[in-house]
There are 2 protein chains.
Amino acid sequence: MTTATARRTPADKHDERRRALADSALLTLGELGYARSSLREIANNSEFSHGVVHYYFQDKLELIVYCVRQYKATCVHRYDGVVADATTADGLVAAFADKLVETVVDEAPMHRLWYDLRSQSMFEDSLRDAVLQIDQTLEDMIWRVVSTYADLAGRPAALTSRVAYGLLDGLFQQALLGHLCGREGVLDELRAEVHDLMPVLLVP
Amino acid sequence: MTTATARRTPADKHDERRRALADSALLTLGELGYARSSLREIANNSEFSHGVVHYYFQDKLELIVYCVRQYKATCVHRYDGVVADATTADGLVAAFADKLVETVVDEAPMHRLWYDLRSQSMFEDSLRDAVLQIDQTLEDMIWRVVSTYADLAGRPAALTSRVAYGLLDGLFQQALLGHLCGREGVLDELRAEVHDLMPVLLVP
DNA sequence: GCGTTTCCTTGACAACCGTCAAGACTTTTC
DNA sequence: GAAAAGTCTTGACGGTTGTCAAGGAAACGC
């Protein structure tokens, strides 16, 4: 046993278990949503029993907030590669649009869970802190794309990061709903919409 | 009893009661959201008892869909006056932005209920038909504003009604969340954002 | 190898949910 | 005014929920 693995004993094990439990829970949450996911259902879709939740989390709310925080923590780096690899403005837009479409398809359950939680935060103020923090990291994520796009295009951005995020989020949410409803062509529409929108985010 | 009031006997009374019950239910739904609104809580905040719901509605889902449909039916005409009274492009934008801000403040509970229901429809397909229909009427509502704006400005719209709705809805939703979280200046921001956005919806 | 701590399961609890049947009250009809 | 139809209340049902205590199982320290 090396010192590196020996270090992983006291509270690290605890955190590791929380992460594993959250990973399991995300499967159920993405399928049923916030309100209809009971702790028993979450536990049934995992390797644990329903009682273990209260050993690692204070209550249901803490578990769910932890879950979404954990997912979004990796989510916010989705476009890092797109930004890093971009050499031209048009290339960045194309890669960004493709990645958006890809995540609508591949991670639809996680995205609808996020929108579910954000809607719930409009009613439950105990959710608002976490939602506002996550929303800010998403705004920053989008802004890294837009500001890089502005640099490559040699034109400054025409609006705030807040607006840029709001606009793109609106289109994304619309596409997600359309995709989940089985609407044809919604993915190609999203791609085209992003291609149309990005240029107008910069000053002429 | 005139023939006009005598006409209001068979099924009209039934519909009238449904509307009254839905009006009461909307108060609770706007306060607690879809998931946490029980039929008993809805009934407690009304003049009826909890059993009466199943006399006028088949189940909880039908009640809630009926409620949101009823609210949105009047909601989609909110900007009709703005469109009818507009004489200049800039005037239309100003009146539209003011009206948006006004409804964020005055009808926040109803709007968050709508976003709640739309999020739930991503999980429950029994909600999707109603949500998609309502969403379409909202898109049409926005398009009446944008197309009138284009006419007054003498420039054609640069994008589809779908995109216009998606963009504005994104900003609106963001402002609503900010307003409910007590963020300062969010209303003025929304007004300014709409002023910035509208011109770019038209071809240069 | 034993005692202690940590981890997890099981079972029970009180509360709440949607639904519906039984019946009381009201209104209409003849 | 009695009968019928419509309207609404009450109370109960089976089921599910979050929570937690009791205790078994496993890991750990010495």
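In the text below, chain A, chain B and the rest are named by the order of the sequence lines, each starting its count at 1. Remember, it's a predicted structure, so these values are computed and weren't measured experimentally.
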[atom1] of [X] versus [atom2] of [N]: gap in Å, rounded?
X	N	atom1	atom2	answer
B:Glu16	D:dG6	CD	C1'	15 Å
A:His54	C:dC13	NE2	P	18 Å
B:Arg17	D:dT7	CZ	C1'	9 Å
B:His14	D:dT7	NE2	P	6 Å
A:Asp15	C:dC7	CG	C1'	15 Å
B:His50	C:dC17	NE2	C1'	11 Å
B:Phe48	D:dT7	CZ	P	12 Å

(message) Strictly under 4.0 angstrom, non-hydrogen atoms only: write out the protein contact profile of nucleotides 22-27 of chain C, one letter per nucleotide from the 5' end, B, S or -.
(response) ------
(message) Salt bridge check, B:Glu102 against B:Arg191: does any charged N sit closer than 4.0 Å to a carboxylate O?
(response) no
(message) Within residues 34-42 of chain B, which residues have any heavy atom lying less than 4.0 Å from an atom of DNA chain D?
(response) B:Arg40
(message) Does anything in residues 55-66 of chain B come within less than 4.0 Å of DNA chain D? Heavy atoms only, and list the residues if so.
(response) B:Tyr55, B:Tyr56
(request) Mind checking side chain to side chain contact (heavy atoms under 4.5 Å, CB included) for B:Arg78 and listing every partner two or more places apart, or none if nothing turns up? (result) B:Tyr71, B:Cys75, B:Lys99, B:Thr103, B:Glu107, B:His111
(request) Could you walk me through whether A:Gln70 and A:Arg18 pass the side-chain hydrogen bond (donor to acceptor under 3.5 Å, both in side chains) test, one step at a time? (result) CA-CA 10 Å; A:Gln70 175 169 307; A:Arg18 279 167 68 102; over 6 Å; no
(request) Step by step, work out the side-chain hydrogen bond (donor to acceptor under 3.5 Å, both in side chains) result for B:Ser161 and B:Glu139. (result) CA-CA 7 Å; B:Ser161 72; B:Glu139 180 184 320; 2.6 Å; yes
Name the pairs: protein N/O against N/O of nucleotides 23-26 of chain D, kept only if under 3.5 Å.
none

Cut-off 3.5 Å, no hydrogens considered: what does the side-chain donor-acceptor table look like for residues 168-181 of chain B, sequence neighbours left out?
unit_1	atom_1	unit_2	atom_2	d
B:Asp169	OD1	B:Tyr115	OH	2.7
B:Asp169	OD2	B:Arg118	NH1	3.3
B:Asp169	OD2	B:Arg118	NH2	2.8
B:Gln174	NE2	A:Arg162	O	3.2

